[in-house]
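Source: prediction; values computed, not measured. Just so it is clear: chains get the letters A, B, ... in the order the sequence lines come, proteins before strands, and each one is counted from 1. Below, each value reflects all heavy atoms present in this structure, side chains not excepted, and no hydrogens, waters or symmetry copies.
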Amino acid sequence: MPQIAQGRPSNDPLMVAEEWMKAGKDVAIATVVETWGSAPRPVGSHLVIDAEGRFEGSVSGGCVEGAVVAEAADVLADGKPRMLEFGVADETAWEVGLSCGGRIKVYVERLG
Amino acid sequence: MDPYALKKLNQCRRERRAAILITDLGDGRDRVVVEGDTVAGTLGEAVAAAFRSGKSGTAEIDGRTFFLNVYLPAPRLVIIGAVHISQALAPMAAAAGFDVHIIDPRTAFASPERFADVRLDAEWPEEALSRSPLDAWCALAALTHDPKIDDPALKAALEGGCFYVGALGSRKTHAKRVERLMEAGVSRTAIDSIHAPIGLSIGAASPAEIAVAVLAEVIAALRSRGTEAEKGRAA
């Protein structure tokens, strides 16, 4: 008897990405690849985004998701992966509000 | 990411197999390595180390930067007893990322009406566990208060190397359980690793509060695997 992810939440970002892909949607995958200091989400965490800006998962405690979703639109448009950095040391970080004092590096790529 | 890599990775995760997604951050190419696969050279050493530690991270090899994302099987929580505490514990544990499996041979308790959206087996633990063997990624909570049902499951959990084994009941109840398990041939060290009375001491009163105490204790055991704190407790 198949027990596919039964009893687990259906909001697993990579499972959602596969469903979106099968439904013919364009999907971007963002992954935390490095952290320094008190980063809210560990290395390896995913946020997946579709072309309409819908997303699942997280790469921070909600501080930089908006900026990553915006960048994902560009990644989907030209297909080129991007490395994003957020931290309190630069001005962008204040704008998007990574207020916990940590720094994170997020890799954003297109699926397929 | 390569769509085939994503499909293969998700398939491994469904089958509870450890896997690593290796991405070349220079050109974006990626591939999935399943535990047991052979990977040559320095990258192979980094892959082996990542499977051991379970930690994701970057590796610099021959002037190229690779990101190794490690995916270990989701922890499973096996609950013996389709009781009131289990009705609160199952959804909480699922929300925390556990695969939940409830076993109780008493069909009046183990009814789908009482347990929607959870894997439920209305049979004896020996039967249910023979199909889904316990492993090091499993926690087992025995909640029936009935030695006929709880004891064989506890024995199986200790033999299967579960990262957490807990049993409901007072200290007096547990003392009798210890005697029975000793008679059944379980070692004293193994018996001493059972969390009993079950749950962190938070003064839990209602079934839902006991469920919180149990889940917190299971998470504490999961996150302290192999550390001194856990070894000290088990000793």
Side-chain angles (χ1 to χ4, degrees), chain A residues 1-36 39 41-49 56-59 72 75-76 78-85 104-112, chain B residues 1-16 19-21 23-30 32 50 54-59 65-72 74-79 90-91 93-102 115-121 131-132:
Chain A
M1 120 186 72
Q3 295 294 343
I4 298 167
Q6 200 166 344
R8 300 201 63 221
S10 57
N11 52 8
D12 178 287
L14 292 186
M15 297 293 179
V16 169
E18 191 176 337
E19 279 165 31
W20 284 351
M21 177 178 79
K22 284 177 179 161
K25 291 185 184 187
D26 286 331
V27 183
I29 298 178
T31 308
V32 178
V33 294
E34 264 182 276
T35 65
W36 299 265
R41 295 285 287 132
V43 170
S45 303
H46 293 291
L47 174 72
V48 301
I49 308 107
E56 200 62 68
S58 64
V59 291
V75 171
L76 287 177
D78 66 16
K80 289 190 190 120
R82 285 163 176 71
M83 190 69 80
L84 313 177
E85 261 191 85
I104 60 171
K105 224 184 213 186
V106 179
Y107 182 71
V108 189
E109 63 189 317
R110 188 168 73 181
L111 177 61
Chain B
M1 189 190 287
D2 182 346
Y4 293 103
L6 177 67
K7 281 187 191 168
K8 184 177 174 184
L9 180 61
N10 280 343
Q11 190 58 31
C12 288
R13 295 170 67 222
R14 287 186 197 98
E15 292 170 358
R16 293 178 67 80
I20 295 179
L21 176 72
T23 306
D24 184 329
L25 293 179
D27 61 15
R29 284 164 40 149
D30 49 35
V32 174
K55 288 212 172 91
S56 303
T58 48
T65 306
F66 294 93
F67 179 62
L68 276 59
N69 207 348
V70 187
Y71 301 84
L72 299 177
R76 180 183 283 166
L77 174 62
V78 178
I79 304 170
F98 288 85
D99 281 332
V100 180
H101 183 185
I102 300 177
F115 291 90
D117 305 321
V118 63
R119 181 176 173 190
L120 177 69
D121 283 327
R131 282 200 314 277
S132 300

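B:Ser56 pairs by the side-chain hydrogen bond (donor to acceptor under 3.5 Å, both in side chains) definition with B:Asn69, not counting sequence neighbours. Evaluation of the side-chain hydrogen bond (donor to acceptor under 3.5 Å, both in side chains) rule for A:Ser45 yields no partner, not counting sequence neighbours.
There is no contact between B:Tyr4 and chain A, counting heavy-atom distances below 4.5 Å. With a threshold of 4.5 angstrom between heavy atoms, A:Leu111 approaches chain B through its backbone and through its side chain. With a 4.5 Å cut-off on non-hydrogen atoms, A:Ala17 touches chain B through its backbone and its side chain both. When heavy atoms are compared at a cutoff of 4.5 Å, B:Leu9 approaches chain A solely by way of its side chain, counted from C-beta outward. Heavy atoms of A:Thr31 lying under 4.5 Å from chain B belong exclusively to its side chain.
Summarising the geometry of A:Met21 relative to B:Pro3, their closest heavy-atom pair is SD-CB, 3.5 Å, with the distance given to 0.1 Å. Listed here is the closest heavy atom pair of B:Thr23 and A:Tyr107: CG2-CE2, 4.0 Å. Between B:Leu6 and A:Leu14 the shortest heavy-atom distance is CD1-O, 3.9 Å.
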_Show, in sequence, the C-alpha distance, side-chain angles and deciding distance for B:Thr58 and A:Lys105, and conclude whether the side-chain contact (heavy atoms from CB on, under 4.5 Å) test is met._
CA-CA 11 Å; B:Thr58 48; A:Lys105 224 184 213 186; over 6 Å; no
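Using a 4.5 Å heavy-atom cutoff, the side chains of B:Met1 and A:Val27 are not in contact. Within the 4.5 Å cutoff, no side-chain heavy atoms of A:Val43 are placed close to those of B:Lys55.
The pair A:Glu18-B:Arg14 counts as a salt bridge, with a side-chain nitrogen and a carboxylate oxygen less than 4.0 angstrom apart.
Within a 6.0 Å sphere centred on CZ of B:Arg16, other residues, nucleotides and ligands contribute more than 12 heavy atoms.
The NE2 atom of A:His46 sits 7.0 Å away from the CG atom of B:Leu21 when rounded to the nearest 0.5 Å.
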